[in-house]
Asker: 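Please find one structure pasted underneath; my questions will follow.
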Amino acid sequence: MREAGFSVVGFHEPLDALMWASDAEPTCIIADLKMPGVEGLDLVAAFCALNRHAVIIVSAFVDVRTTVDAMRLGVDDVLPKPATIDELVRALRRGMTALAATAPREELTFTRRERQVAEMLVEGLTTKQIAQNLELSPRTVEFFRASLLRKTQSPNSAALASALTRLGFLAN
């Protein structure tokens with residue numbers, strides 16, 4: 001990786017990597033799914049929740065479901081082992097390009113109602129169900145959904161759910 005021009009920091013303990021990532025400048029993080037003392041997707045979810053790094057999984061334990069779950073968490077790329085150096089370098093370059101293309105934005109703030117709607121969207125509730133739970137009209141819920149789409153710069157509802165998950169809204 002160094003020969004390809006990347007600065008490299010390695011960790012023996014997954015939680016040390018997470019602590020480092022919480023303060024590090026935006027970069028690419030490569031993670032495996034099988035690590036001592038932690039569930040791989042849980043650690044990947046924590047990296048993605050920081051919402052500041054490109055996350056790449058390289059693992060011998062990837063299948064379609066795991067890949068879909070990882071992408072929903074916000075992972076940028078999934079490579080099956082054994083990955084070649086060229087594949088890894090391409091994934092890192094794509095990740096760095098994505099980071100460079102992401103406009104820096106100030107901390108997102110949501111109103112109380114937007115937070116309520118966001119929590120229910122992540123739980124998978126429909127507009128009608130959210131409206132009933134919050135005693136609002138479906139049109140009002142759509143207004144809040146549109147506001148969340150705009151604030152998170154999400155092009156559609158699926159991307160919104162992923163963005164909200166990365167921001168820390170979790171399904172119960």
Side-chain angles (χ1 to χ4, degrees), residues 1-110 118 121-122 124 145-146 148-171:
M1 293 299 98
R2 285 185 180 97
E3 287 178 19
F6 294 99
S7 176
V8 178
V9 177
F11 295 91
H12 293 284
E13 295 295 325
L15 296 180
D16 290 342
L18 182 58
M19 294 302 295
W20 172 85
S22 66
D23 292 327
E25 290 296 316
T27 191
C28 289
I29 295 174
I30 300 171
D32 200 337
L33 293 179
K34 298 293 181 189
M35 295 173 277
V38 69
E39 177 61 39
L41 274 182
D42 289 343
L43 181 65
V44 167
F47 285 138
C48 291
L50 295 172
N51 200 29
R52 62 188 301 160
H53 303 292
V55 180
I56 300 164
I57 293 175
V58 180
S59 180
F61 302 95
V62 293
D63 55 20
V64 173
R65 182 172 176 94
T66 303
T67 300
V68 169
D69 289 345
M71 292 301 191
R72 283 187 180 140
L73 293 172
V75 167
D76 292 84
D77 215 331
V78 178
L79 300 175
K81 281 185 180 177
T84 67
I85 295 295
D86 289 339
E87 290 170 323
L88 194 51
V89 167
R90 281 193 299 273
L92 287 168
R93 287 193 175 129
R94 284 191 301 268
M96 295 304 287
T97 299
L99 285 174
T102 303
R105 50 183 186 177
E106 295 181 23
E107 190 66 31
L108 290 176
T109 57
F110 299 110
L121 285 172
V122 171
R145 181 192 304 261
L148 291 166
L149 283 164
R150 182 182 48 77
K151 285 184 176 184
T152 61
Q153 300 175 354
S154 300
N156 56 45
S157 293
L160 175 60
S162 177
L164 292 172
T165 300
R166 278 195 253 174
L167 291 170
F169 291 93
L170 305 173

Asker: Check whether Thr84 reaches the backbone of Glu87 with its side chain - one donor and one acceptor, N or O, closer than 3.5 Å.
Answerer: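 Yes, because the side chain of Thr84 sits within donor-acceptor range (under 3.5 Å) of the backbone of Glu87.
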Asker: Quick one: closest heavy-atom pair of Ile57 and Ala70, and the distance?
Answerer: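 Smallest interatomic distance, heavy atoms only, reads CD1-CB, 3.6 Å.
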Asker: Could you go through Thr152 and Phe110, starting from their C-alpha distance and side-chain angles, then the distance that decides it, and tell me whether this counts as side chain to side chain contact (heavy atoms under 4.5 Å, CB included)?
Answerer: CA-CA 10 Å; Thr152 61; Phe110 299 110; 4.2 Å; yes
Asker: For the atom pair CG (Leu73) and CE (Met71), what is the distance rounded to the nearest 0.5 Å?
Answerer: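 Spacing of CG (Leu73) from CE (Met71) equals 10.5 Å.
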Asker: Just verifying a value: how many Å separate Met35 CE and Ser59 OG, rounded to the nearest 0.5 Å?
Answerer: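 Answer rounded to 0.5 Å: 8.5 Å.
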Asker: As an exercise, state the distance from SG of Cys28 to CG of Leu99, rounded to the nearest 0.5 Å.
Answerer: 5.5 Å
Asker: Could you tell me which non-hydrogen atom of Asp76 sits nearest to which non-hydrogen atom of Ala98, and how far apart they are?
Answerer: OD2-CB, 4.5 Å
Asker: Closest approach of Arg52 and Ser22, non-hydrogen atoms and distance?
Answerer: NH1-O, 3.4 Å
Asker: Can you name the closest pair of heavy atoms from Val8 and Arg2 and give their distance?
Answerer: O-NH2, 3.4 Å
Asker: Is there a side chain to side chain contact (heavy atoms under 4.5 Å, CB included) between Arg72 and Thr165? Walk through the geometry before answering.
Answerer: CA-CA 8 Å; Arg72 283 187 180 140; Thr165 300; over 6 Å; no
Asker: Distance check, rounded to the nearest 0.5 Å: Leu167 atom CG versus Ser162 atom OG?
Answerer: 9.5 Å
Asker: Begin with the C-alpha distance, continue with both residues' side-chain angles, and end with the deciding distance and a verdict on side chain to side chain contact (heavy atoms under 4.5 Å, CB included) for Leu79 and Ile30.
Answerer: CA-CA 10 Å; Leu79 300 175; Ile30 300 171; over 6 Å; no
Asker: Below 4.0 angstrom, N of the basic side chain to O of the carboxylate: do Asp32 and Lys81 qualify?
Answerer: yes
Asker: Do you know which two heavy atoms are closest between Ala161 and Val122, and how far apart they sit?
Answerer: O-CG2, 4.4 Å
Asker: When the ring planes of His53 and Trp20 are compared, do they come out parallel, tilted or perpendicular, using 30° and 60° as the limits?
Answerer: parallel
Asker: Checking Met1 against Leu88 for the side chain to side chain contact (heavy atoms under 4.5 Å, CB included) test, could you report, in this order, the C-alpha distance in whole Å, the side-chain angles of both residues, the deciding distance, and whether it holds?
Answerer: CA-CA 9 Å; Met1 293 299 98; Leu88 194 51; 3.9 Å; yes
Asker: Looking at CG of Leu149 and CG of Leu160, how far apart are the two atoms once the value is rounded to the nearest 0.5 Å?
Answerer: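 Between Leu149 CG and Leu160 CG, I get 4.5 Å after rounding to 0.5 Å.
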Asker: Could you state the interatomic distance from CG (Asp63) to OG1 (Thr67), rounded to the nearest 0.5 Å?
Answerer: 6.5 Å
Asker: For Pro14, which of Val44, Leu43, Asp42 qualifies under side chain to side chain contact (heavy atoms under 4.5 Å, CB included)?
Answerer: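 So, applying the side chain to side chain contact (heavy atoms under 4.5 Å, CB included) to Pro14 and each of Val44, Leu43, Asp42, only Leu43 qualifies.
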Asker: Under a 3.5 Å cutoff, is there a donor and acceptor pairing between the side chains of Thr66 and Asp69?
Answerer: no
Asker: Indicate yes or no: at least one non-hydrogen side-chain atom of Leu15 is less than 4.5 angstrom from one of Met19.
Answerer: no
Asker: Write down the atom of Ile29, the atom of Ala21, and the distance for their closest heavy-atom approach.
Answerer: CD1-CB, 3.8 Å
Asker: Heavy atoms, side chains only, cut-off 4.5 Å: are Phe6 and Val89 in contact?
Answerer: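 Answer yes - side chains close enough.
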